[in-house]
Amino acid sequence: MSERAFVMIKPDGVRRGLIGEIVSRFEKKGLSVVKAELVQVSEATAKEHYGHLEAKPFFRELVDYITSGPSFAMIVEGTAAVKNSRYLIGSTNPADAAPGTIRGDYGLDVSENVIHGSDSIDNARIEIERFFIR
Ligand code: IDP
């Protein structure tokens, strides 16, 4: 069944010129990028987006990272888009992410892990609204 996922290339990925390469991976997999925009994530949106991590010691660093420059926000559509996107993206820590995944191939450190992908259909809906509808 076709569904939508929210995917965002984080500022390190944009700075490193990886937009084309990363978009290409989603397209080759068979998922469609149906909307995309370069966005400057605000402090308030960053805090909301990562609200589940507010108590973590790295929260301030995470907010500074995600607001450090433009990100490339996308709506990705296709069969099981949420699950398939997470597989393409790989484990949170690039050191644990398998080669062939985006984080496995382009990341080194958990604090700058190149890309975000929604972790559930419900969160995909919330994140699409957060970044594209408001
Ligand atoms: P996810 O991005 O794979 O869904 P989450 O646990 O929701 O993983 O973490 C959100 C983001 O917080 C990660 O993608 C990463 O940028 C950052 N993060 C997670 N754990 C750490 C850490 O231990 N140190 C620094 N940043 C972290």
Side-chain angles (χ1 to χ4, degrees):
M1 204 184 83
S2 188
E3 67 186 32
R4 288 180 156 202
F6 175 73
V7 172
M8 187 166 73
I9 303 172
K10 297 179 179 181
D12 55 324
V14 173
R15 265 194 294 273
R16 291 167 60 201
L18 297 175
I19 293 175
E21 173 63 34
I22 290 173
V23 167
S24 169
R25 289 182 176 221
F26 285 87
E27 291 177 331
K28 285 177 188 160
K29 178 72 175 169
L31 294 165
S32 303
V33 177
V34 296
K35 195 161 188 175
E37 191 179 14
L38 209 56
V39 294
Q40 173 60 53
V41 179
S42 69
E43 169 108 4
T45 299
K47 285 181 169 166
E48 185 183 290
H49 184 65
Y50 286 125
H52 62 294
L53 298 171
E54 200 173 353
K56 299 284 186 189
F58 57 82
F59 184 66
R60 184 66 251 174
E61 179 196 3
L62 176 58
V63 171
D64 287 345
Y65 160 51
I66 209 70
T67 58
S68 67
S71 293
F72 192 70
M74 299 181 261
I75 299 174
V76 169
E77 190 174 278
T79 304
V82 170
K83 186 177 177 185
N84 279 311
S85 296
R86 294 283 290 191
Y87 272 134
L88 286 178
I89 289 169
S91 301
T92 302
N93 188 342
D96 300 325
T101 65
I102 294 165
R103 286 169 174 165
D105 287 350
Y106 299 118
L108 273 177
D109 193 294
V110 70
S111 62
E112 294 209 348
N113 62 359
V114 185
I115 186 165
H116 165 82
S118 28
D119 62 2
S120 67
I121 295 173
D122 284 349
N123 279 336
R125 250 187 240 117
I126 291 167
E127 291 171 354
I128 286 169
E129 181 154 334
R130 176 174 299 138
F131 286 90
F132 282 108
I133 294 169
R134 263 195 233 152

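Note that ligands are numbered from 1 as they come in the structure, with each ligand's atoms numbered from 1 the same way. Bear in mind that the values here come from a model prediction, so they are computed numbers and not experimental data.
Ligand 1 does not have Lys56 within reach: every non-hydrogen atom of the residue lies 4.0 Å or more from it. No heavy atom of His49 sits closer than 4.0 Å to any atom of ligand 1.
In this structure, the protein non-hydrogen atom closest to atom 2 (O) of ligand 1 is Arg103 NH2, 3.2 Å. Nearest protein heavy-atom contact of atom 8 (O) of ligand 1 is Thr92 OG1, 3.3 Å. Looking only at heavy atoms of the protein, atom 21 (C) of ligand 1 is closest to Phe58 CZ, 3.3 Å. Nearest non-hydrogen protein atom to atom 9 (O) of ligand 1 is Leu53 CD1, 3.4 Å. Nearest protein neighbour of atom 7 (O) of ligand 1, counting heavy atoms only, is His52 NE2, 3.0 Å.
Only the side chain of Lys10 comes within contact range of ligand 1, with a heavy atom under 4.0 Å; no backbone atom does. At a heavy-atom cutoff of 4.0 Å, ligand 1 is contacted by no atom of Met8, backbone or side chain.
Phe131 and His49 have perpendicular rings, their planes meeting at more than 60° on a 0 to 90° scale where under 30° would count as parallel.
Among Ile89, Asn113, Leu62, the residue whose heavy atom lies nearest to atom 12 (O) of ligand 1 is Leu62.
Judged by distance alone, with hydrogens and angles left aside, the side-chain atoms of Thr67 form no donor-acceptor pair with the main-chain N or O of Glu43 at under 3.5 Å. Put simply, the side chain of Glu37 never gets that close to the backbone of Met74: no donor and acceptor are under 3.5 Å apart.
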Assess whether side-chain hydrogen bond (donor to acceptor under 3.5 Å, both in side chains) is satisfied between Ser120 and Asp122, documenting all intermediate values.
CA-CA 5 Å; Ser120 67; Asp122 284 349; 5.5 Å; no

